[in-house]
Amino acid sequence: MRNKFDWLQTPALLVGLCVLCALVGAFSGGALGRVVTMTLISVVFVAGLSVFTGNSGVMSFGHVAFMAVGAYATAYLTIPVPLKNTLFPHLPAPLAWLGEVHAPFPEALVISGLAAGLLGLLTSPIVARLSGLQSGIATLAVLVIVYNVLNSWTDVTRGSSSMIGIPKVTTVWTALAVVAVTIVVAWAYRCSRSGLQLKASRDDFWAAEAAGISVGRHRAIAWVLSAILCGISGSLYASFLATFNVSGFFLSTTFAFVVMVVLGGYLSLSGAVIGGIGVSALQELLRRLQDGGLTGGVALPAGTADLLLAAVLLVILIKAPYGVMNVRELRLPRPRGKGSDKPRQAGQTDPVRLTSGATQ
C-alpha cells in the first residue's frame, strides 16, 4: 500500500530542483544570476501552462497572452504616479483612475494574476467547447487578439513603445518562492477531483463522457487556474526587467515556452519543470557558443543558437515523441519488494489513448 505521504514526493523533488538552481544563481551573481532568475520565471509559466495542457492533453498556444496581461497590470500598479501621468497623458475617461493607482509589489502580483484569470474566465467557453486542432487554433487566436490590442491601444498600453519605470523587485529568491507555490498549486490541482476527472478525459475522452464527466467544465477550471499562474509569471517578468514592450509577448516567446513543455513532456508537471530548467540552460549555453564565449572569442553566424535548439528539438521528438518524462512524474526510487505500486513506464502508455481527448 502506498504511503500516505507519497503524493508529496513529486512537488518536494521539483521544488528542491528549483532550490538548487536558485542557489547557483544567488552565489554566482552577475549574468548567471540573471539567467537563473529568468529560468525560474519561465518555470512558473510552464508549470502554470501544465495545469491546463498536462491535464487536458490539449496543447495551448495562447498562454503568453495571460503573461502579457500580468506584466501590463503590474506596470500600471507599480509605476510611480508622477511618471505614470507623464507616460499616459491621454487615458480614456473610464480608465482615468488607473493613473492614480499605486500598489506594493505583493499586492500587484496577486492582482495581476487575478486580471489574467479574468481574461481566462472570459475565454474559457472556447476551450470548454473545442478540442484538438480547433482548440489549438482558437488559443492562438486569443494570443493574436491580445497582442494586437496591446500593440494598437497606444493611449493605454503605449503601443510598440516600452513600458518603463517599473520598480525592479523580483530577485532570485522572490522567483523561487513563487515557483514553489506554483508547483504546489499545480500538483494539488492535478491530484484534485477536477484534475483527476480531466486526466481521465485526456486518456479516453469518450469513456469519460459516457461516465458522466463534464469535460468542458473541468477544462474551463484548469484554463482559468492556468491563466492566473501564467499572469503571475508575467508580473515577475515585468518587475525583474523593469522595462518591456509588447514584442516580448508574441510568437517567439510562445515558441520558446512550447519547446520547454514539449521537450520535458507536456503531459507531466515534472516534464514541464525539467523542460523549463533544461531548455533555459541549453539556450544560455548555445547563446554563449554563438557569441564566442565557448569558442575562444570566435563568434558563430547569427541564428546558430536557434538552429541548434531546433535540431535538439527534432532529435528528442524522434526519440521520445512525448518528451523526456512522457507521462511520468519525478519520484524517489521504490525499494524492490516494498509494495506492488510502481511508477508508470513510458512503454506502458498507449499514445493513442493519451491523445484521444484532444483528437476527438
**Student:** To the nearest 0.5 Å, what is the distance between CZ on F52 and CE on M59?
**Tutor:**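 Nearest 0.5 Å value for the CZ-CE distance: 10.0 Å.
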**Student:** Taking atom CH2 as the centre, does W153 end up with more than 12 heavy-atom neighbours from other residues, nucleotides or ligands that are less than 6.0 angstrom away?
**Tutor:**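 Open.
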**Student:** Nearest 0.5 Å please: distance from the CH2 atom of W223 over to the OG atom of S60.
**Tutor:**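 Separation between the atoms: 4.0 Å.
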**Student:** Going from OG1 on T157 to CE on M163, what distance comes out if it is rounded to the nearest 0.5 angstrom?
**Tutor:**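 Output value for this atom pair is 7.5 Å.
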**Student:** Any donor and acceptor pair, going by atom type alone, linking the side chain of S162 with main-chain N or O of T243 inside 3.5 Å?
**Tutor:**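 Here the side-chain-to-backbone pair does not exist.
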**Student:** Any link between L229 and W187 through a network of hydrophobic side chains (Ile, Leu, Val, Met, Phe, Trp, Tyr) touching at under 4.5 Å?
**Tutor:**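 They do not share one cluster, since no chain of ILVMFWY contacts under 4.5 Å joins L229 to W187.
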**Student:** Does F249 form a side-chain contact (heavy atoms from CB on, under 4.5 Å) with L150? I'd like the steps, not just the answer.
**Tutor:** CA-CA 10 Å; F249 303 105; L150 294 175; 5.6 Å; no
**Student:** Which heavy-atom pair separates L91 from G99 by the least distance, and what is that distance?
**Tutor:**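 Shortest heavy-atom separation between L91 and G99 comes out as CD1-N, 3.8 Å.
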**Student:** Report yes if the side chains of I274 and L17 come closer than 4.5 Å at any heavy-atom pair, otherwise no.
**Tutor:**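 In short, these two side chains touch, coming nearer than 4.5 Å.
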**Student:** So if I apply the side-chain contact (heavy atoms from CB on, under 4.5 Å) rule between V24 and each of V172, L32, V35, V19, which one comes out positive?
**Tutor:**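 Looking at V172, L32, V35, V19, the match for V24 under the side-chain contact (heavy atoms from CB on, under 4.5 Å) is L32.
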**Student:** Would R34 and L241 satisfy side-chain contact (heavy atoms from CB on, under 4.5 Å), going step by step from the backbone distance to the final call?
**Tutor:** CA-CA 10 Å; R34 290 178 56 85; L241 295 183; 4.0 Å; yes
**Student:** Let me check something: do V185 and V43 share a hydrophobic cluster, defined by ILVMFWY side-chain heavy atoms less than 4.5 Å apart, either directly or through other members?
**Tutor:**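 No: no chain of side-chain contacts under 4.5 Å links V185 to V43.
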**Student:** Tell me whether S201 contacts the main-chain N or O of L198 through its side chain, where contact means a donor paired with an acceptor under 3.5 Å.
**Tutor:**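 Here the side-chain-to-backbone pair exists.
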**Student:** Please check: side-chain N/O of S235 versus main-chain N/O of G70, any donor-acceptor pairing under 3.5 Å?
**Tutor:**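 No; zero donor-acceptor contacts below 3.5 Å.
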**Student:** Test side-chain contact (heavy atoms from CB on, under 4.5 Å) on S160 and N151; report intermediate values, then the result.
**Tutor:** CA-CA 6 Å; S160 59; N151 193 42; 3.7 Å; yes
**Student:** What is the distance from atom CD1 of I221 to atom OG of S194, rounded to the nearest 0.5 Å?
**Tutor:**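 Separation between the atoms: 4.0 Å.
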**Student:** Could you check whether any side-chain heavy atom of F61 comes within less than 4.5 Å of a side-chain heavy atom of V258, counting everything from C-beta outward?
**Tutor:**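 Counting from C-beta outward, F61 and V258 do come under 4.5 Å.
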**Student:** Going by atom types alone, do T39 and S42 pair a side-chain donor with an acceptor below 3.5 Å?
**Tutor:**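 Note: T39 and S42 side chains miss the donor-acceptor criterion.
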**Student:** Return yes if some donor-acceptor pair links the side-chain N/O of E329 with the main-chain N/O of T10 below 3.5 Å, else return no.
**Tutor:**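 The answer is no, because no donor-acceptor pair under 3.5 Å joins these two groups.
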**Student:** Going by distance alone, is a donor N or O of one side chain under 3.5 Å from an acceptor N or O of the other, for N55 and R190?
**Tutor:**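 Result is yes, a qualifying pair exists.
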**Student:** Taking C-beta and beyond as the side chain, do L140 and L251 meet within less than 4.5 Å on heavy atoms?
**Tutor:**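 Contact flag for L140/L251 side chains = yes.
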**Student:** Do L236 and V15 share a hydrophobic cluster, counting only Ile, Leu, Val, Met, Phe, Trp and Tyr and linking them when any side-chain heavy atoms are less than 4.5 Å apart?
**Tutor:**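 Shared cluster, yes.
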**Student:** Closest approach of N148 and V144, non-hydrogen atoms and distance?
**Tutor:**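 Where N148 meets V144 most closely, the heavy atoms are ND2-O, 2.7 Å.
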**Student:** Before you tell me yes or no, could you show the steps for I232 and L109 under side-chain contact (heavy atoms from CB on, under 4.5 Å), namely the whole-Å CA-CA distance, both residues' side-chain angles and the distance that decides it to 0.1 Å?
**Tutor:** CA-CA 6 Å; I232 288 174; L109 185 71; 3.7 Å; yes
**Student:** Looking at Y76 and V101, would you say the former's side chain and the latter's main chain have a donor-acceptor pair under 3.5 Å?
**Tutor:**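 Answer holds: no.
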**Student:** Would a distance-only check, ignoring hydrogens and angles, find a side-chain to backbone donor-acceptor pair under 3.5 Å from Q197 to I213?
**Tutor:**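 Between the backbone of I213 and the side chain of Q197 there is no qualifying donor-acceptor contact (under 3.5 Å).
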**Student:** Please report the shortest heavy-atom distance between I277 and C18, naming the atom on each side.
**Tutor:**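 Looking at all heavy atoms of both residues, the closest pair is CD1-SG, 4.3 Å.
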**Student:** First locate atom CG of L308, then atom CG of L289, and finally report the distance between them rounded to the nearest 0.5 Å.
**Tutor:**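 One gets 6.5 Å once the value is rounded to the nearest 0.5 Å.
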**Student:** Only pairs at least two apart or in different chains count here, so list each side chain to side chain donor-acceptor pair (under 3.5 Å) that has a residue in residues 102-119.
**Tutor:**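 Residue pairs with at least one partner in residues 102-119: T74-S112.
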**Student:** Has S124 got a side-chain atom pairing as donor or acceptor with L121's backbone, closer than 3.5 angstrom?
**Tutor:**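 It does hold such a pair.
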**Student:** Over 60° means perpendicular and under 30° means parallel, so classify the ring planes of Y147 and F250, tilted if in between.
**Tutor:**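 Ring orientation of F250 relative to Y147: parallel.
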**Student:** Just wondering, do V127 and V58 contact through their side chains at under 4.5 Å, heavy atoms?
**Tutor:**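 When only atoms from C-beta onward are counted, V127 and V58 do not touch, as no gap falls below 4.5 Å.
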**Student:** Of all the heavy-atom pairs spanning L83 and I164, show the shortest one and how long it is.
**Tutor:**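 Minimum heavy-atom contact is CD2-O, 4.1 Å.
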**Student:** Does one hydrophobic cluster hold both I183 and L40, with members joined at side-chain heavy-atom distances below 4.5 Å?
**Tutor:**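 As far as the 4.5 Å side-chain criterion goes, L40 and I183 are connected within one cluster.
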**Student:** Within a strict 4.5 Å, meaning less than it, do heavy atoms of the H63 and S226 side chains meet?
**Tutor:**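 A side-chain contact under 4.5 Å exists here.
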**Student:** Heavy-atom distance under 4.5 Å between the side chains of S270 and L14, does that happen here?
**Tutor:**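 They are in contact (side-chain heavy atoms under 4.5 Å apart), so the answer is yes.
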**Student:** Taking the side chain from S239 and the backbone from K168, do they hold a donor-acceptor pair closer than 3.5 Å?
**Tutor:**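 Pair absent, no side-chain N/O of S239 close to backbone of K168.
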**Student:** Would you compute the distance between atom OG of S28 and atom CG of L23 and round it to the nearest 0.5 angstrom?
**Tutor:**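 Between S28 OG and L23 CG, I get 10.0 Å after rounding to 0.5 Å.
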**Student:** Just by modelled atom types, is the G248 backbone N or O under 3.5 Å from a matching donor or acceptor in the T253 side chain?
**Tutor:**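 Checking the backbone N and O of G248 against the side chain of T253, a donor-acceptor pair under 3.5 Å is found.
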**Student:** Anything under 30° is parallel, anything over 60° is perpendicular, the rest tilted; go ahead and classify F257 against F45.
**Tutor:**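 Because their plane-to-plane angle is under 30°, the rings of F257 and F45 count as parallel.
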**Student:** Check for a donor-acceptor pair, side chain of T123 on one end and backbone N or O of G120 on the other, with a separation under 3.5 Å.
**Tutor:**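 A pair under 3.5 Å: yes.
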**Student:** Looking at V259 and L309, what are the two nearest heavy atoms and their distance?
**Tutor:**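 V259 and L309 have their closest heavy atoms at CG1-CD1, 4.5 Å.
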**Student:** Determine the minimum heavy-atom distance between A222 and Y189, stating which atoms define it.
**Tutor:**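 Result for this residue pair: CB-OH, 3.6 Å.
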**Student:** Do V178 and M38 belong to the same hydrophobic cluster, where Ile, Leu, Val, Met, Phe, Trp and Tyr are linked whenever their side-chain heavy atoms lie under 4.5 Å apart, directly or via other members?
**Tutor:**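 Both belong to a single hydrophobic cluster.
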